[in-house]
Amino acid sequence: MSIEICNVTKHYGSFQALTDINLTIPKGELVALLGPSGSGKTTLLRIIAGLESIEEGGILFDGKDLSEVHVNQRDVGFVFQHYALFKHMTVFDNIAFGLNIRKKRLRPSKKEIEQKVNELLDLVKLSGFAHRYPTQLSGGQRQRVALARALAVEPKILLLDEPFGALDAKVRKELRRWLRKLHNEIHVTSVFVTHDQEEALDVADRIVIMNKGKIEQLGTPSEVYDKPASPFVYDFLGNVNLFHGRLHKGKLDLGSATFDAPDHLHANDKEAIGYVRPHHLTIEREKQSEEAIAAKISFMHSIGPTWHIEMKREDSEAYVEVELSKEDYAQLQLKVGEVVYVSPKEVKVFIPEDFVI
Amino acid sequence: MKKKHKKRNILPGFGLSMGITTLYISLFILIPLSMVFIESSKLGWSEFWQVVTNERMMHAYKISFATSFAAALLNGIFGFIIAWVLVRYRFPGKRLIDGLIDLPFALPTAVAGIALTTLYAQDGWLGQYFMAIGIKISFTPLGIMIALMFIGLPFVVRMVQPVLENLEREVEEAASSLGATKQQTFLKVIFPEVLPALLAGFSLAFARGLGEYGSVVFIAGNMPMKTEIAPLMIMTKLEQFDYAGATAIAVVMLLVSFICLIFINLLQKWSRKHELQDE
Amino acid sequence: MTVDVSKYGENRMQYVTHKKKQVNWTKRILVTVMLLYLSLFLLVPLVFIFTKAFEQGAAVYFAAITERDALSAVKLTLLVAIITVPLNTIFGVAAAWCITKFQFRGKQLLLSLIELPFAVSPVIAGLVFVLFFSPRGVLGPLLTDWGIKVIFSVPGIIIATMFVTLPFVARELIPVMQAQGSAEEEAAISLGANGWQMFFRVTLPTIKWGLLYGMILCNARAIGEFGAVSVVSGRIRGMTNTMPLHVEILYNEYQFSAAFAFASLMSLLAFLTLIVKSWIEWRTEKEQQV
């Protein structure tokens, strides 16, 4: 089922949670809503589910307006952030809940329910756990029970609120891969909320990046990572170095160096900022181009296969961070206190006032 | 497409639960209590004033206030100590004692009343020893205070106890790591944290003491101008079918209760302000 | 700087043994103060009630509690409790539901109103219903015409008891439901449950201990209420006498053994309440630890 969100707005008292959101999610995709806390991503997810009412706009499933349809009639499966498992019920009863409460005429027989629950337990790899209580399970197991419970009613849409938020790093990675696989098998349109960019990039077909109740960018993981549409997205998806300067006819003038800015050929003497990722900077001993900036190395440390070099620009006292592979680092033989030249392989220039509302 | 939607609740039952709640509150609380004010307005102002300020009445207020205040104060001190001991120390029989604290909530006030009266009478188990040093308890204001101490104890303990339990040990450890002595840690770190709850417990015990009837009526002896309490005055007027007079006294007492209630609410707001706001 | 680890260990041992030998005087004093205070006010009176009750032997004791007026007082009190507790439970659940699950204006006011009966003297509680229902009260003439008697009869006792015990269940449930949050209920609804299914299958099982706790307290107060009932009952022997009123009458007639015998019966009920209460606390504590 496809989801269409048209002009949706939501307030909590005087707080504007969502402003005029428009979004289409194609059938069968796995979409991540990514943003910092307070960006409105959970509100949007709860609105799609019908757990939150909307003031303006519409929610359409397969072209049908469901804005006024109650959550228990929407055919959505919702996985809650802290699972919201029924503590007084066994795993089996939790999963069977959605089927057990159906009207007699629509309810499957006891046998069918049992079969269905066992299938789901297989699917989430918890076959031996049917008669345990939620408190006797680990966090990852609870998460999978919550998912099985949501899937039991065969929802047309699966919604997950921070599905891996409460788990430790290792379990999180495992479950993430497992969710990806599961989605490939059952292919139900799925939306999940996360504040972890790595998680979104890793799992989703498409990412919606949100900030302050608005959508900043929508695209595939590689699109949003390689071509951020705004300074916010640049900053949110990984580390970034900022170079303040003046933009003039396709050139960003930093004082001691000049960057090419081919996107802004018509700009005329405007303040602007160049965004460069740490791994898009190269280090040289000599100034070989007018893009190179002198900087003094202040600190170096390695995290796994990469070296992080922290330095201070000679012209402005601003910090610059560079990431080098182990090989490049070994070749350069850098020393703390040495003055070197950094130049960008790739720059994206934004004019701040374009992004001020 | 721009559509406006009505505000809608996701969970069901708002109308039903709100309906039941307001029905009960109107039938059992609002309408009956408003009767007091309507009925008392039948008296003229000067007559009302005369009823609520005559000499016997003034004496009853004095007794009620003094004994309630003294009892609440003593309960504040000892209730704090008891809560502290129950939270901080381990000793045999702790669970039993913790359960016993609620006895005044569970024991009918009349039962407590006759037990305390006989116990603290001149020839009673405990009263005889006090009598030996010249202190008469039953049928004196001291007796009223004893009954109110019995009634009010759990209010203080049960307000303070959870706050002490939730105090983070780390805060105290931080204080002593910064060089504070045990006394300083207690006075500057622990006590301010517990103070709102302690005051709230005190006010609850005080408010309850003002209105208490069952346990006091036996031990007081009810001698006019000596050991009559305000609620008893209402009772006396009712027995003489002086409804207007009874109501006038009730109005004064209700106003005092409201003030106590507002004070307690403010205290709770104040203590909530101290809590860190979760995201 | 080098640290001699073995020496450090030694010092530590010394420190520990030193600490063990030292008597914690603060603890001793405070525990003693507590025990004295509680004995004087709680324990001695309790022991006293039972001693006094059996002063004149078991025969007198059993005669006192099986006498005709005594039995009718027990019956009336149980009737009052059986009607009051369920009615106030319905109110408590409804009030806790709308206060904890929804946002609306005037919530704070509603909370204060629910607590109001705690702040009002029981005598005033009785008085307001006398003003309302007595022959000289607002509804009095109407009720007299219809031949219904509320004051100095059973309905009045029930109404006054309801007023006094109204807050108990709500007060226990509100914090429990606030801590619980709404996620489980939302999960049930999103799985297709209707309101009653959600309530009976999800909400009720999660609040059952808090609910029971509130009902127990409500029941204890309903049984023991004296002031309010005393005003509205008229103390007609064998008719409108509840257990606490019966105790009062016996006491005022100088039948001390009988009065204390009856009082001991009510103390047993209070004990039972405390035991169930402690048991619930112990259960919820255990559940929270898992």
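In the text below, chain A, chain B and the rest are named by the order of the sequence lines, each starting its count at 1.
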If I measure from the heavy atoms of chain C, does [X] come under 4.5 Å with its side chain, its backbone, both, or neither?
| X | value |
| --- | --- |
| B:V256 | neither |
| B:D102 | both |
| B:L126 | side chain |
| B:F241 | both |

Assert top hit (heavy-atom pairs under 4.5 Å, partner chain B, pool C:V33, C:L40, C:I90) equals C:L40
Practice prompt. Classify the angle between the aromatic ring planes of C:F226 and B:F218 as parallel (below 30°), tilted (30 to 60°) or perpendicular (above 60°).
Written response: tilted
Ring geometry between B:F78 and C:Y37 (parallel below 30°, tilted from 30 to 60°, perpendicular above 60°): parallel
Of all heavy-atom pairs linking B:S17 and C:W97, the shortest is OG-CD1, 3.5 Å
Would you mind checking which part of [X] comes under 4.5 Å of any heavy atom in chain B, side chain (CB onward), backbone (N, CA, C, O), both or neither?
| X | value |
| --- | --- |
| C:S267 | both |
| C:F256 | neither |
| C:L166 | side chain |
| C:V44 | both |

* Above 12 or not: heavy atoms from other molecules or residues under 6.0 Å from NZ of B:K182? -> no
- Within a reach of under 6.0 Å around CD of B:Q240, are more than 12 heavy atoms found that belong to other residues, nucleotides or ligands? yes
message = Less than 4.0 angstrom from a charged side-chain N to a carboxylate O is my criterion; do B:R95 and C:E285 meet it?
response = yes
